[in-house]
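Notes for the one structure printed next.
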Amino acid sequence: MATGASSDIRSAPLISCGAMNVRTRFAPSPTGLLHVGGARTALFCWLFARHHGGTFVLRIEDTDRERSTQASIDAILDGLRWLGLDADEGPWFQTDRLAIYQEYIERLLCTGRAYRCWCTREELDAMRDAQRARGEKPRYDGRCRHRTAAPPAGVEPVIRFANPLDGAVVFNDLVRGTVSFDNRELDDLVIARADGMPTYNFGVVIDDLDMDITHVIRGDDHVMNTPRQLNIIAALDAAPPHYAHVPMILGADGQRLSKRHGAVGVMQFRDDGYLPEALLNQLVRLGWSHGDQEIFSREEMVAKFDIEDVNRAPAAFDYDKLGWLNQHYIRQADSERLGALLAEQIERMGLGAPSAVSPSALADIQRDRARTMAEMADKSRFAFEEYGEFDERAAKKHLRPVALQPLEAIRERLGAVAGWEPEPLHAAVNECAAALSVNLGKVAQPLRVALTGTAASPAIELTLQMVGREASLSRIDRAIAYVRNRADQS
RNA sequence: GUCCCCAUCGUCUAGCCUGGCCUAGGACACCACCCUUUCAAGGUGGCGACACGGGUUCGAAUCCCGUUGGGGACGCCA
């Protein structure tokens, strides 16, 4: 009604994406797991491309041979696959494109927009220390720009970009608005290492240009790289893509996300029993919103996402909300799927023994009671194995002498029940309570403690079903013995 | 240290651009009650924020300045 009536007609968009073939890219460096920050960046890129009917490209920035690993590449690919963030192109690997970078480096060298630098590590360190000591921002002073002396023998030079000395770089960031940097704040960055490998700032520029990327959507930590990249693009006489810098994701404590915050890798969430759609929903709401809507299906995200609705402030990752979302999706997940997921968790917990009901039946019984699949498995332990000691408080409250009669009565009825199914089991418990003229709780609670060792479990007839006939009867016997024993001692 | 950015309930956010509809709305969490054979789920209600200080204006969460707080960037990492 009120919301439906509001006009959806926007004023002219910043960029006319309608006519343009939108191309976004996610360009992680394979030096670790796909963490939530990277996953959200990937999600935004994917969403933007899908929303505009464009193309989502995946590019692996593996030019740092020291730190790049195949294991990381696999981890990133696994994470993206799990989240369903499928790429339309790629993955491309920068190390497969070395010749391309080389070509552009030669070009910049020829046009005098790049130069060789023989400064040693020690020399650079000394320079930066001196600058810091003077209260200046450490930056390369361009001493090799016009070096006339012969280069030292045996030293392989790096290539530096000759950044403009004055003026400013101004660009319109799709989430931050107009951003301006004074060229004096920048310096002559290294674009090719001594071994010829391009550095990040050069590789991205060439690839984004070469791959016709129209919208560069990346983390906030790259804003300062943008003017440098824009200068290189200008030196190449090329047209720059649009930029959108999205805020970072902070840990629950408001601090930068790090290993201390637990689940660093996206796959850890799967192992912990989260559903990918829950993580996706959580991620999309960090820094982005659409009115008061909290739940977004993949299709809704695609339909409603736009980069101009993204925030500028960093957001903290909240596990409580993730848990709520996860439970929401668990509650509406397909039984078969949930059963398979539950079976994985059961396996993981070493609860291999077969149970009286199938994993999917178990999931249907427990779906309202768990925020994660791991929790669901844990809460279902009693269906797989005999519990140890009775929960102290539960036993004290429900396995008192007065429970003896109800337990014996229900033991007898259950022993005679035909068909160990919810209906007859429910009837048996009800009839038992009626015969004894007591509240249902007087029978159900002692029975529950007898079956599970605790005072909390699914509806009593379902609990009986989960435990199975044989185990149920023996556990009731155990509880009866416990109550008798306790009565004798007092 | 230098440069840049950010600032609404504990958390995610709506509102801010185009001041008045805001005694600031929603969600998570928390508390209470209802429902109930337990635990959940569900329902109802409650607690709870415009960081601070100055302006501008008839009127500011919304515009401007400053302060404070937080974050980011300063590599032959990405």
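OP1 or OP2 of B:A78 has not a single side-chain nitrogen or oxygen of A:T31 nearer than 4.0 Å. Between A:R67 and the phosphate of B:G75, there is no side-chain N or O to OP1/OP2 separation shorter than 4.0 Å. For B:U2, neither phosphate oxygen OP1 nor OP2 lies less than 4.0 angstrom from any side-chain nitrogen or oxygen of A:Q131. Checking the phosphate oxygens (OP1, OP2) of B:G71, no side-chain nitrogen or oxygen of A:R312 falls inside 4.0 Å. Note on A:R128: every side-chain N or O is 4.0 Å or more away from OP1 and OP2 of B:C74. Contact check, A:T454 against B:C39: no side-chain N or O comes under 4.0 Å of OP1 or OP2.
Atom-to-atom, CZ of A:R132 to P of B:C3 comes out at 14 Å; the value is rounded to the nearest Å. Atom C1' of nucleotide B:C39 and atom CZ of A:R393 are separated by 13 Å, given to the nearest angstrom. Between A:H290 atom NE2 and B:G15 atom C1' the separation is 15 Å, expressed in whole Å. Straight-line distance from the CG atom of A:N311 to the P atom of B:C6: 11 Å, rounded to whole Å. Taking atom CE of residue A:M127 and atom P of nucleotide B:G1, one finds them 21 Å apart after rounding to whole Å.
The residue among A:C119 and A:E185 whose nearest nucleotide of RNA chain B lies closer to the 5′ end is A:E185. Nearest-nucleotide mapping onto RNA chain B: of A:E156 and A:F317, the residue sitting toward the 5' end is A:F317.
When heavy atoms are screened at a 4.0 angstrom cut-off, A:H398 is found touching no nucleic acid atom at all. Looking at heavy-atom distances under 4.0 Å, A:E294 makes contact with a base. Counting any heavy atom pair closer than 4.0 Å across all strands shown, A:M248 reaches sugar-phosphate atoms only and no base atom. Note on A:T463: nothing from the nucleic acid sits closer than 4.0 angstrom, heavy atoms only. Using a 4.0 Å heavy-atom cutoff across all strands shown, A:R218 reaches no nucleic acid atom at all. No engagement by A:G203 is indicated, since no non-hydrogen atom pair under 4.0 Å with the nucleic acid exists. When heavy atoms are screened at a 4.0 angstrom cut-off, A:A194 is found touching base atoms of the nucleic acid. A:R331 comes within contact range of the sugar-phosphate backbone alone, with a heavy-atom separation under 4.0 Å but no base atom that close. Residue contacts for A:L286: at a heavy-atom cut-off of 4.0 Å it reaches the sugar-phosphate backbone alone, with no base atom in range. If you check every strand for non-hydrogen atoms under 4.0 Å, A:R121 touches sugar and phosphate atoms only. Heavy atoms of A:N225 sit under 4.0 angstrom from at least one base atom. Nucleic acid contact for A:V158: base, since at least one base atom lies under 4.0 Å from a heavy atom of the residue. Base contact: A:A459 has a heavy atom under 4.0 Å from a base atom.
Looking at A:E375 and A:R369, no side-chain N of the basic residue comes within less than 4.0 Å of a carboxylate O on the acidic one, giving no salt bridge. Ion pairing of A:D391 with A:R393 is absent here, as no side-chain N (NZ or NE/NH1/NH2) approaches a carboxylate O to less than 4.0 Å. Between A:R143 and A:E123, at least one side-chain N (NZ, or NE/NH1/NH2) sits under 4.0 Å from a carboxylate O, which counts as a salt bridge. Note on A:R97 versus A:D207: salt bridge recorded, some NZ/NE/NH1/NH2 to OD/OE distance being below 4.0 Å. Checked for salt-bridge contact, A:K396 and A:E392 miss the test: no charged N lies under 4.0 Å from a carboxylate O. The pair A:D208-A:R59 meets the salt-bridge criterion, with a side-chain N (NZ, NE, NH1 or NH2) lying under 4.0 Å from an Asp/Glu carboxylate O.
Checking B:A61 for Watson-Crick or G-U wobble geometry (two distances, each under 3.5 Å) identifies no partner in any strand. Under the Watson-Crick and G-U wobble criteria, each requiring two contacts below 3.5 Å, nucleotide B:U68 is paired to B:A7. In this structure, B:G1 forms a base pair with B:C74, meeting either the Watson-Crick or the G-U wobble geometry with both donor-acceptor distances under 3.5 Å. When both pairing distances are held under 3.5 Å, B:C47 makes no Watson-Crick or G-U pair with any nucleotide shown. Pairing partner, B:C35: none, since no Watson-Crick or wobble contact has both distances short of 3.5 Å.
Contact annotation: side chain of A:D221 to base of B:G72, donor-acceptor pair absent below 3.5 Å. For B:G1, the base has no donor-acceptor partner in the side chain of A:E136 [N/O atoms by modelled type, under 3.5 angstrom]. The base of B:C39 sits within donor-acceptor range of the side chain of A:R369, with an N or O pair under 3.5 Å. Scanning atom types as modelled, no donor and acceptor separated by under 3.5 angstrom connect the side chain of A:R139 and the base of B:U2.
Both the sub-6.0 Å distance and the 45° axial angle are satisfied by A:R478 relative to the ring of A:F390.
Annotation for A:E136: atom CD counts as buried by contact number, over 12 foreign heavy atoms lying within 6.0 Å.
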